[in-house]
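Let me begin by presenting the structure, written as structure tokens, before commenting on it.
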There are 4 protein chains.
Amino acid sequence: MRTKDGEKQRALFEATIRVVNELGFASSSVSKIAKSAGISPSTLYIYHKNKEDLLVSTYVEVKREMGAAMAGCFDESLPVRDILRKVWFVLLQCACARPDHYRYAEQFSNSPYLELVDQEELERHFRPLLEVVQRGIERKIIKDVGRPLLKAFLFHPIPFLANAWLREGRPMTEAEMETSFTMAWDAIRL
Amino acid sequence: MRTKDGEKQRALFEATIRVVNELGFASSSVSKIAKSAGISPSTLYIYHKNKEDLLVSTYVEVKREMGAAMAGCFDESLPVRDILRKVWFVLLQCACARPDHYRYAEQFSNSPYLELVDQEELERHFRPLLEVVQRGIERKIIKDVGRPLLKAFLFHPIPFLANAWLREGRPMTEAEMETSFTMAWDAIRL
Amino acid sequence: MRTKDGEKQRALFEATIRVVNELGFASSSVSKIAKSAGISPSTLYIYHKNKEDLLVSTYVEVKREMGAAMAGCFDESLPVRDILRKVWFVLLQCACARPDHYRYAEQFSNSPYLELVDQEELERHFRPLLEVVQRGIERKIIKDVGRPLLKAFLFHPIPFLANAWLREGRPMTEAEMETSFTMAWDAIRL
Amino acid sequence: MRTKDGEKQRALFEATIRVVNELGFASSSVSKIAKSAGISPSTLYIYHKNKEDLLVSTYVEVKREMGAAMAGCFDESLPVRDILRKVWFVLLQCACARPDHYRYAEQFSNSPYLELVDQEELERHFRPLLEVVQRGIERKIIKDVGRPLLKAFLFHPIPFLANAWLREGRPMTEAEMETSFTMAWDAIRL
DNA sequence: AATGAATGAGATTTCATTCAT
DNA sequence: TATGAATGAAATCTCATTCAT
């Protein structure tokens, strides 16, 4: 009896992102993704129930990895602003290092597929971050304006910026990162 | 493609947005859009060269209408902040009034279709706005950080916020609009 | 605008019966049927919603034609036995003339597809026949044993017999038909 | 194909009947049957050369069991009519007790698969019965009309009747069995 | 201008079967 | 013996587009 191949699983994950970024959801077919992963389309169905499952679990995995990257740089002992600054830098660096992952997440979360994902579960990956923000609110450092508004200025700009620099074809400089965080912080701080 | 019936043209425009929002680009077909517009798929080809042309020109039209809405509220005699505040309110109101148009634009601009659109031409609709921003920079009122960063905090949040409130099922209050603009302004002002 | 082609409709009907008889339900595919009808598989979907609809409506049409053949030979003025005898002969002749139609009906009605058909509607085609049987019961000519038992001996044997002779490769003689009807009649008469 | 586990063999036999009855030949796949039997599709190939072999040997086994049930009630010392009556009752009871086995046999024998079965060998199971019928013919008790006609009225109705009662959801009463046999007997007796 | 009919290409998915353990 | 992994072939059905009226 053969055993499920972790390498194939990963190849599928990367291929999905690659193909969707290149062709968009409209033209991404299961066969193209399978071919890009170097496996047979039928083999894909051993790893995923159907196309939807492939796309959704790819999204969830991207989000999980983003959450992990963030968690890895978390230092609760720092002041609120410094924690957020560090996270901002890490996320921006990730977005620039793996812009395709971020672009995939953007495409996905702007499509009706998003409704198939359990939002609660996704947020769990970012729980510590949300708690820091909450602490900032309680200490009157951050505006008490509800989560959507804070999201809109603190997280939402990140992939957009990564994308913009990607299109310019050069990496973001340290100074540009600093500037961008300052803008986000100015938006949310009291 | 021999243009004629304005009513059908409009029906197609709305149907495209409706269907793409409901099904996503992945599952939106020419036939479904035609059916939703109450015309035959063959008739659609009188108005549009092909599917791509349909999707692209729908996007351009959405952007044009957004530009027009903005232009309609433009009062050059006001101070920079007040101009931007007015525009922000109008765009947010539009986004809340026709969230589907905005959602369509979001989906479209996160897809590879975007590359088919002449960005220069699109920006023309927003020229006056960009000039006001430029004036703010020159007068040391707005941070001089390049267009992408300003876009990221001044325009990009708008459809995201409209979407967030749409999901909550209630309209944005005047106070919430004021708060959100304040955040955007805090982000970009010097 | 082209108009739906009655010839194609008929070709599909015959092709369905032909292919299913040759290969059985297990190996009959939409493509094979379309090819056998001389049309493209996609064209088939203009005439039938899906495979199921194709198979079901083919069955219904076969039954309708059987009903029509029977109705055409119906002479209410004759005694009960003579009416049934005439019907028996006509149905046997039909079954022998178009054995594929009958074989199709047999295969179909022994498959779970049968449950998709409105039995009430089917029986309508045979209403006059059922009424004659009823009359026979009332006049104490035919056993009053319920419809299933009468069906089992009066109609059910017909395609079986047609099939048997088909396999022998020769037509049924007049005498054999007479004998077979006598047996059916002996079974149901009082 | 290296036979071994009798329990699995039986589970496969029952699963084949179950699945085919539920889904029909058209939709019954090896994997579905294997899953329904609680084994892996690969294991199935230890017991059967291929799908065809699975279906055919299931049919043969059903027939063998029917023959055995009949043989078990056979009392050569009785008069011809009484032997046939006993057999009729037993077969009807079997058909009602295991309607799925009979339904499977019906589906199978109305499909082109039937041609893969050695008819001679099948008939061997029913040899004693056929000899009794022959004796009846010689003693001028039964019509001398050839085997197909006798089959059509003496055996063919049985699964049809079992099916009809199955659909009504209640078992056949003793009286109904008596009536049905009387009809069969009336059909074939001189 | 408008549209139902028509279709080749291609979509997603399942199948029967073999492989490797 | 037993089985999960693997796959080429083929299934059903939809698509974007053109044809013919």
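In what follows, every chain begins at residue 1, and chains take the letters A, B, ... in the order their sequences are listed.
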Hey, would you say the A:H101 and A:F13 ring centroids sit under 6.0 Å apart? yes
From C-beta outward on [X], which listed nucleotide comes closest to its side chain: [options]?
| X | options | value |
| --- | --- | --- |
| C:Y45 | E:dA5, F:dT12, E:dA2 | F:dT12 |
| A:S42 | E:dT14, F:dT1, F:dA5 | E:dT14 |
| A:R2 | E:dT13, F:dT12, E:dA20 | E:dA20 |

From B:N110 CG over to A:N163 CG, what is the distance, rounded to the nearest 0.5 angstrom?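 Answer rounded to 0.5 Å: 7.5 Å.
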In Å and rounded to the nearest 0.5 Å, what is the CD1 to CG distance from A:I46 to A:D5? 10.5 Å
Would you indicate, yes or no, if [N] has its OP1 or OP2 atom less than 4.0 angstrom from a side-chain nitrogen or oxygen of [X]?
| X | N | value |
| --- | --- | --- |
| B:K8 | E:dA2 | yes |
| A:S40 | F:dA6 | no |
| A:Y47 | F:dA6 | yes |
| A:T43 | F:dT7 | yes |

Do the side chains of [Y] and [X] get nearer than 4.5 Å, heavy atoms only?
| X | Y | result |
| --- | --- | --- |
| B:Y47 | B:L54 | no |
| D:V30 | D:Y45 | yes |
| B:Q107 | A:F25 | no |
| C:L12 | C:H48 | yes |
| C:Y113 | C:Y59 | no |

Please list residues of residues 31-39 of chain C whose heavy atoms come under 4.0 Å from any atom in DNA chain F, ordered by number; otherwise none. C:S31, C:K32
Dot-bracket line, read 5' to 3' along DNA chain F, where crossing pairs take [ ] and | marks a partner on another strand, Watson-Crick or G-U under 3.5 Å: .||||||||||||||||||||
Rounded distance (Å) that lies between atom [atom2] of [N] and atom [atom1] of [X]:
| X | N | atom1 | atom2 | result |
| --- | --- | --- | --- | --- |
| A:N50 | E:dT13 | CG | P | 5 Å |
| C:D53 | F:dT14 | CG | P | 12 Å |
| C:K4 | E:dA6 | NZ | P | 9 Å |
| C:I46 | F:dT14 | CD1 | C1' | 12 Å |
| C:H48 | F:dC13 | NE2 | P | 13 Å |
| A:L12 | F:dT7 | CG | P | 11 Å |
| C:K51 | E:dT14 | NZ | C1' | 12 Å |
| B:L55 | F:dC15 | CG | C1' | 13 Å |

Using a heavy-atom cut-off of under 4.0 Å over every strand shown, decide if A:S29 touches base, sugar-phosphate, or nothing.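 The answer is sugar-phosphate, as A:S29 gets under 4.0 Å only of primed atoms, P, OP1 or OP2.
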Hey, does C:S27 reach any base, or is it just sugar-phosphate, or nothing, if we go heavy atoms under 4.0 Å?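 Answer is nothing: C:S27 stays at 4.0 Å or more from every strand.
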Quick check: on DNA chain E, is the nucleotide nearest B:L44 upstream (toward 5') of the one nearest D:V30, or the reverse? Name the residue that is more 5'.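 So the residue in question is B:L44.
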Would you mind telling me which residue lines up with the more 5' stretch of DNA chain E, D:P41 or A:P41, judged by nearest nucleotide?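 Looking at the nearest nucleotide for each, A:P41 comes out on the 5' side.
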So for A:T3 and F:dG4, does any side-chain atom that can act as donor or acceptor lie under 3.5 Å from a complementary atom in the base? no
Under a 4.0 Å threshold between the charged nitrogen and the carboxylate oxygen, would B:K8 count as salt-bridged to B:E14? no
Apply salt bridge (Lys or Arg N to Asp or Glu O under 4.0 Å) to C:K63 and C:E106, showing your working. CA-CA 11 Å; C:K63 281 296 197 182; C:E106 281 294 285; over 6 Å; no
